[in-house]
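The next block holds one structure in the form of structure tokens; read it before the comments.
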Amino acid sequence: MEQANASSGIAVGDECKMKFLELKAKRNYRFIVFKIEETSYQVVVEKLGQPNEKYDDLVASLPPNECRYAVFDLDFTTNENCQKSKIVFIAWAPDSSRVRSKMVYASSKDRFRKELDGVQVELQATDLSEMSYDIVKERAIS
């Protein structure tokens with residue numbers, strides 16, 4: 001396990017990096033939802049999306065009142081009709097979540113994101129309208 005981050009006190013569990021590598025290299029998962037364990041201050045894997053799951057399944061996995069991090073393996077077609085794939089990192093911090101939780105997730109995001117080598121698109125969202133499939137695809141294409 002990684003040392004705790006000095007600024008936020010958060011550690012990143014080895015499973016997080018291992019499952020991310022499986023998503024990136026082997027495409028074993030469509031998405032991964034991560035959460036910060038408030039008792040151990042460690043980022044852990046909360047849910048693994050199977051390869052046949054869709055973006056809507058990821059969205060449905062995010063709790064409406066709690067912060068999470070997520071990565072999604074996005075397959076899309078460009079305007080030039082080319083098939084592409086990009087890994088999207090989402091920082092989910094709904095307005096209705098606790099202030100302390102939002103602060104912990106915000107202060108830990110950059111360090112955790114750096115642990116996930118291969119993320120090509122980053123998105124922050126406070127409600128579902130900010131992370132619609134169309135917005136995510138638009139960010140991936142640009």
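On a predicted model such as this, the values are computed, not experimentally measured, just so you know.
In this structure the side chain of M18 never reaches within 4.5 angstrom of the side chain of V45, judged on heavy atoms. Counting heavy atoms from C-beta outward, R27 and P51 have side chains that stay 4.5 Å or more apart. Contact of the P63 side chain with the K35 side chain is not registered, since no non-hydrogen atoms from C-beta on lie closer than 4.5 Å. With a 4.5 Å cut-off on side-chain heavy atoms, E53 and K47 count as touching. Using a 4.5 Å cut-off on side-chain heavy atoms (C-beta onward), L123 and R139 make contact.
With S101 contributing its side chain and R98 its backbone, the two residues share no donor-acceptor pair below 3.5 Å. A distance-only check finds a donor-acceptor pair linking the side chain of K86 to the backbone of A140 [under 3.5 Å]. Checked by atom type and distance alone, the side chain of S96 pairs as donor or acceptor with a backbone atom of P64 at under 3.5 Å. No donor-acceptor pair under 3.5 Å is formed between the side chain of E115 and the backbone N or O of F112. Judged by distance alone, the side chain of W92 and the main-chain N or O of V59 form no donor-acceptor pair under 3.5 Å. Within the 3.5 Å criterion, the main-chain N or O of V119 finds no donor-acceptor partner in the side chain of K24. Not a single donor-acceptor pair under 3.5 Å links the side chain of S108 to the backbone N or O of Y105.
V12 and I36 fall within the same hydrophobic cluster, where Ile, Leu, Val, Met, Phe, Trp and Tyr residues are linked whenever their side-chain heavy atoms come under 4.5 Å apart, directly or through other members. Using a 4.5 Å cut-off between side-chain heavy atoms of Ile, Leu, Val, Met, Phe, Trp and Tyr, with links allowed through other members, I90 and F34 fall into different hydrophobic clusters. Note: the hydrophobic cluster containing I32 does not contain V44 (ILVMFWY, side chain heavy atoms under 4.5 Å, direct or indirect links). Hydrophobic clustering keeps Y69 apart from M131 (ILVMFWY residues linked when any side-chain heavy atoms are closer than 4.5 Å, directly or through intermediates). Both V121 and V33 are members of a single hydrophobic cluster when ILVMFWY side chains are connected at heavy-atom separations under 4.5 Å.
In this structure, the separation between CD on E138 and OG on S132 is 10.0 Å, given to the nearest 0.5 Å. We find the CD-OG1 distance between Q83 and T78 to be 8.5 Å, quoted to the nearest 0.5 Å. Here K84 contributes atom NZ and K137 contributes atom NZ; the two are 13.5 Å apart, rounded to the nearest 0.5 Å. Rounded to the nearest 0.5 Å, atoms CG (N28) and CG (L48) are 9.5 Å apart. The distance from the CG atom of L21 to the NZ atom of K17 is 9.5 Å, given to the nearest 0.5 Å. For the atom pair CG of L58 and CG of D73, the computed distance is 11.5 Å after rounding to the nearest 0.5 Å.
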Query raised in the report: Going through the distances and angles, do I87 and F20 end up as a side chain to side chain contact (heavy atoms under 4.5 Å, CB included)?
Result: CA-CA 10 Å; I87 297 175; F20 177 76; 3.8 Å; yes
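K109 is linked by a salt bridge (charged side-chain N to carboxylate O under 4.0 Å, His left out) to E122, counting only residues two or more places apart in sequence or in another chain. Remark: R30 engages D75 in a salt bridge (charged side-chain N to carboxylate O under 4.0 Å, His left out) (not counting sequence neighbours).
The environment of CD in E130 is crowded: more than 12 heavy-atom neighbours from other residues, nucleotides or ligands sit within 6.0 Å.
Inspection of the S129 and D127 side chains reveals an N or O donor paired with an N or O acceptor under 3.5 Å. Side-chain contact annotation: R68 with S61, donor-acceptor N/O pair under 3.5 Å absent.
Residue pairs satisfying the ring pair (Phe, Tyr, Trp, His ring centres under 6.0 Å) criterion with at least one member in residues 46-68, sequence neighbours excluded, are listed as follows: Y55-F72, Y55-Y133.
Taking each heavy atom of Y41 and R100 in turn, the nearest pair found is OH-NH2, 2.8 Å.
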